[in-house]
Amino acid sequence: MIKSFGYAAPSATGALAPFAFERREPGPRDVQIEILYCGVCHSDLHTVRGEWPGTVWPAIPGHEILGRVTRVGNQVTKVKVGDTAAVGCMVDSCRSCSECADDLEQFCTSGAIFTYNSKDKHTGGITYGGYSNRIVVDEHFVLTVPKNLDPAGAAPLLCAGITTYSPLRHWEVQPGHRVGVVGLGGLGHMALKLARAMGAEVVLFTTSPGKAADAKRLGADDVIISKDAAEMQRHTGSFHLILDTVSVAHDLDAYTALLRRNGSLVLLGVPPTPHSGPSAFNLIFGRRRVSGSLIGGMRETQEMLDFCGAHGIVSDVEVIPIQSINDAYERMLRSDVKYRFVIDMASLAKDEPRG
Ligand code: NAP
Ligand code: ZN
Ligand code: ZN
C-alpha cells in the first residue's frame, strides 16, 4: 500500500481536516497520478455534510482531478509517466453490462464506482477522492487533457464540464436552438460556455442580479432574474432546452412553462429535498418533458475535453490552498464563487507529516 494524505470530513458537521490513509499499489492496468489541482463541486459539500443518503465518514471528496502520471502498470497504453492526466467522477464499473458496453459507465447496472464514497473493491473500504496528494486508477477511467488548456482551469471540466456537455449533446443543441441555464455556479458557467460554443442562443436564469455582466462575458445572450415573475412570463414557450443546475429545491413550473413544444427541462442539480412541480397542465400542453442527466461516460468525457481543447474552453476558477476549503464551502453556499474553486494541491505539503 502507498501512504497517502488528504483532507477528510470526520462527520456531517465536522470541518474538513488533514487525514492520512493508504492507496493501493498500481496493478498492471493502473495509473498512479500525483494530484496538482482538484475542483470543488457542490456534490462534495452535499456528500460530506450528509445531505444525500449513504455517506461514510471520514470522507475525502473531490472528483475534478488533474495531475501528473508518476507510475503506470505494465499493460497501460493510454498514458505514460510524466503525462498530464485527469480523473473525473468514476474510478470503476463492471465493464460488461449493456450500459458499460454503450460507453455509459455512469449508469452501470452493477453500480458505477464513484471516485469518492463508493465501495472500494481493492481496499474493502470506501473510495477516497481528489482532495489528496495522489490517486491510483484503472486506465479506462483516466482521461488525457489537451496541452493548450490551463491545468487549474481544466480540472472542473471533469465534473462541471461533462455534466453540462452531455445533455447539450444528447438533446442535440445546435445553432437556432434557444437554451436556458438556471443558476450561475460551477455547472451553470460551464453550461453557458459550452452551449455558446455549440452555436445556441443562451439565456441565464439567476437569483443573483450582480452576476449579469459576468454571464454575458461567459456566453449568455440574455440574463433573466428568476425572481421577476413578469420578466419570466415574457419568455413563455420559447426554449428548446433548459438545464437546471440549482442545488436547492424550487418550483419547476417556473421553467416548464418556458419550454416550447417538445422542449425539455433537464435537472442537473441534486437538492437534498424534492422540488415542487411539475404540474400536469404544464407538461401536457406542448408535450413538454422533465428529465435528468448524470455526468457522462468515459468516451464522452474524453470527447468533451477534446472539444474544450479545440475551442479553448476552461472553467473560470479561484485557486485556493486546501487550508481554505471550509471557508470555500461557506462561500459556495452563499453563491459567492466565480465560478469554481480549485484546490492547488501543492498547499497540502504544509500539513503533511514528515517521513
Ligand atoms: P454551485 O456552484 O453552488 O452553483 C449552484 C447555483 O445554484 C448557485 O450559483 C446559484 O446560482 C443557484 N442557487 C443557489 N442557491 C439558490 C437558491 N436558494 N435559489 C435559487 N438558486 C440558487 O453548485 P454546482 O457545483 O454547480 O452544482 C450544482 C448542483 O448540481 C448541485 O446540487 C450538485 O450536487 C449537482 N451536480 C449534479 C451532477 C450530475 O451529474 N447531475 C454533477 C455535478 C453536480 P445564481 O446565483 O445564479 O442563482
Ligand atoms: Zn461534481
Ligand atoms: Zn456495467
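Ligands are counted one by one from 1 in listed order, and the atoms in each one are counted from 1 as well. Side-chain atoms are counted along with the backbone in the values below, which use heavy atoms only and exclude waters and symmetry mates.
- Ligand 1 does not have Ala160 within reach: every non-hydrogen atom of the residue lies 4.0 Å or more from it.
- With rounding to the nearest 0.5 Å, the separation of CZ in Arg178 from CG in Asp222 is 7.0 Å.
- At a 4.0 Å cut-off, not a single heavy atom of Gln106 sits close enough to ligand 1 to count as contact.
- Below 30°, between 30° and 60°, or above 60°: for Tyr131 and Tyr329 the angle between ring planes is between 30° and 60°, a tilted geometry.
- Residue Leu184 approaches ligand 1 through these ligand atoms, each under 4.0 Å from one of its heavy atoms: 9 (O), 11 (O), 45 (P), 47 (O).
- Classification of the Phe281-Phe285 ring pair by plane angle, with boundaries at 30° and 60°, yields parallel.
- Between Phe239 and His235, the angle of the ring planes lies from 30° to 60°, which puts this pair in the tilted group.
- Side-chain contact annotation: Asp44 with Thr47, donor-acceptor N/O pair under 3.5 Å absent.
- Of the listed residues (His189, Arg340, Glu64), just one forms a side chain to side chain donor-acceptor pair (under 3.5 Å) with Ser315, and that residue is His189.
- The closest heavy-atom contact to atom 4 (O) of ligand 1, among the options Gly296, Gly185, Pro156, comes from Gly185.
- Residue contacts with ligand 1, taken as heavy atom pairs separated by less than 4.0 Å, do not involve Ser226 at all.
- At a heavy-atom distance under 4.0 Å, no atom of Tyr329 approaches ligand 1.
- For ligand 1, one of its N or O atoms has an N or O atom of Gly186 under 3.5 Å away.
- Of the candidates Asp44, Ile295, Thr206, it is Thr206 that places a heavy atom closest to atom 45 (P) of ligand 1.
- Residue contacts with ligand 1: Val337 is placed with no nitrogen or oxygen under 3.5 Å of a nitrogen or oxygen of the ligand (distance criterion only).
- In this structure, Arg49 pairs ionically with Glu330, as a charged nitrogen and a carboxylate oxygen lie closer than 4.0 Å.
- Taking 2.8 Å as the threshold, Cys41 counts as a candidate ligand of the Zn ion (ligand 2), since one of its N, O or S atoms lies below it.
- Coordination check, His63 versus the Zn ion (ligand 2): passed, since an N/O/S atom of the residue sits under 2.8 Å.
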